[in-house]
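Here's the structure, in structure tokens; my notes come after.
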Amino acid sequence: MTQDAKARAGEVVLEAIGLTKHFPVRRGLRKLFSKERPAVHAVDDVRLTLRRGQVVALVGESGSGKSTVARLLAQLYPRTDGDIRLHGESTTVKGGGAFRAYAARVQMIFQDPFASLNPVHTIRYHLTRSLKIHHNAGKTDADLENALHELLTQVSLTPPERYLDKFPHELSGGQRQRVAIARALGARPEALLADEPVSMLDVSIRLGVLNLLRDLKERLNLAILYITHDIASARYFADETLVMYAGRMVEGGDSETVTQTPAHPYTRLLIDSAPDPDRLAGDADPLDEDRGNGEPPSLINPPSGCRFHPRCPSAMPRCSTDLPVRLEIGDVPGHWAACWLYDAKAEVPA
Ligand SMILES: Nc1ncnc2c1ncn2[C@@H]1O[C@H](COP(=O)(O)OP(=O)(O)OP(=O)(O)O)[C@@H](O)[C@H]1O
Ligand code: SF4
Ligand SMILES: [Mg+2]
């Protein structure tokens with residue numbers, strides 16, 4: 001396949017298959033639990049696919065395992081089980097040159113742009129480093145200067161010379177996040193893993209940064225994973241939405257369908273907890289508040305069967321014993337839920 005053909009929108013870039021991460025519990029805590037070698041079951045059996053030119057939203061409340069999925073996909077730490085495939089090839093990197101080569105193709109954007117930029121270095125330093133680490137760009141000073149200008153222009157920080165020699169603290173939160181995005185683009189990635197990229201920004205500028213990411217997705221044909229608490233922004237921004245609860249995927253499908261006709265009781269709870277249809281203009285994450293629907297379960301000893309059963313208004317006896325499989329909801333292709341309410345439906349093939 002030619003490079004051009006490879007770059008076509010819709011091409012699979014990155015896949016997670018059966019992705020699992022259990023963090024061992026520290027020795028001091030172990031004696032509190034009777035089972036041998038207790039662990040936090042942060043992510044279990046996660047399956048997702050990122051395609052060129054598409055945004056996949058990963059939605060769920062705090063502690064559901066979203067950041068762990070992103071960090072696993074970025075290969076920032078080893079997985080307990082499962083596979084990560086880059087263009088269909090199973091990929092495990094353990095640091096050094098292999099990690100740099102992988103990171104050039106799969107970049108992360110973190111929630112806090114201030115923490116992710118070094119306060120003692122200028123914007124020029126951060127961007128130059130990204131260009132040099134990944135591509136040894138800038139054979140001459142003029143080449144480097146052009147590449148720096150292009151990066152800042154891509155994130156609409158113009159004129160670039162106004163920003164290049166500033167320090168992070170001299171910029172606003174939104175400008176810092178744009179620099180973090182420009183730094184990620186310096187690697188010329190195929191996939192961006194954006195972990196709550198706007199949640200720490202002032203509400204008035206969130207939409208601008210999401211629009212920038214959407215614009216970059218289209219112009220650069222990027223595959224984007226968009227992690228958020230905010231299911232309303234997923235509808236606005238993502239092509240596909242996946243809902244995660246207590247380390248497991250519980251529903252997925254195109255964003256319009258998942259947000260407008262949710263099938264899983266947990267997704268319905270998420271949407272009912274977010275009464276403001278213009279969440280991007282709101283100022284609080286609805287899932288940070290206890291809406292009287294119970295607490296997320298312990299992930300050291302997660303509930304058997306469906307992990308949502310202790311909170312589920314529709315729970316049936318089998319829900320506490322049998323782990324639900326992905327079932328096709330049927331009305332819209334690709335819409336599925338892991339819930340026994342849909343037992344009569346076909347199982348989604350692995
Ligand atoms: N390094 C770690 N060691 C032990 N437990 C961890 C570690 N990282 C995450 N966890 C646990 O794994 C679970 C999932 O955490 P994660 O940060 O992935 O959730 P999240 O969905 O991103 O939450 P938030 O919305 O608050 O960012 C949590 O119970 C968390 O305490
Ligand atoms: S499987 Fe059972 S407990 Fe889980 S969401 Fe469906 S009905 Fe509720
Ligand atoms: Mg997180």
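Whatever order the structure lists ligands and atoms in, that order sets their numbers, starting from 1. Residue numbers run from 1 in the order of the sequence given.
Close approach to H264 involves these atoms of ligand 2, each under 4.0 Å from a residue heavy atom: 5 (S).
Inside a 4.0 Å radius of atom 19 (O) of ligand 1 there is at least one protein heavy atom. Using a 4.0 Å threshold on non-hydrogen atoms, atom 30 (C) of ligand 1 does not count as touching the protein.
A heavy-atom separation below 4.0 Å is not found between M244 and ligand 1. The shortest heavy-atom distance from E196 to ligand 1 is under 4.0 Å. Within the 4.0 Å heavy-atom shell around ligand 1 one finds G65.
The 12-atom threshold is exceeded at CZ of R318, counting heavy atoms of other residues, nucleotides or ligands nearer than 6.0 Å.
Aromatic ring centres of Y125 and F167 lie farther apart than the 6.0 Å criterion allows.
Nearest non-hydrogen protein atom to atom 12 (O) of ligand 1 is A42 CB, 3.3 Å.
Close N/O approach between L299 and ligand 1 is not found [any backbone or side-chain N/O within under 3.5 Å]. Polar contact check, H229 against ligand 1: a nitrogen or oxygen pair lies under 3.5 Å apart.
Classified by interplanar angle (parallel below 30°, tilted 30° to 60°, perpendicular above 60°), the ring pair Y266/Y245 is tilted.
Take a cut-off of 2.8 Å around atom 2 (Fe) of ligand 2: the protein N, O or S atoms inside it are C319 SG.
With a cut-off of 2.8 Å, the protein N/O/S atoms near the Mg ion (ligand 3) add up to 1.
In this structure, K94 is not positioned above the aromatic face of F99 in the sense of NZ or CZ being under 6.0 Å from the six-membered ring centre and within 45° of the axis.
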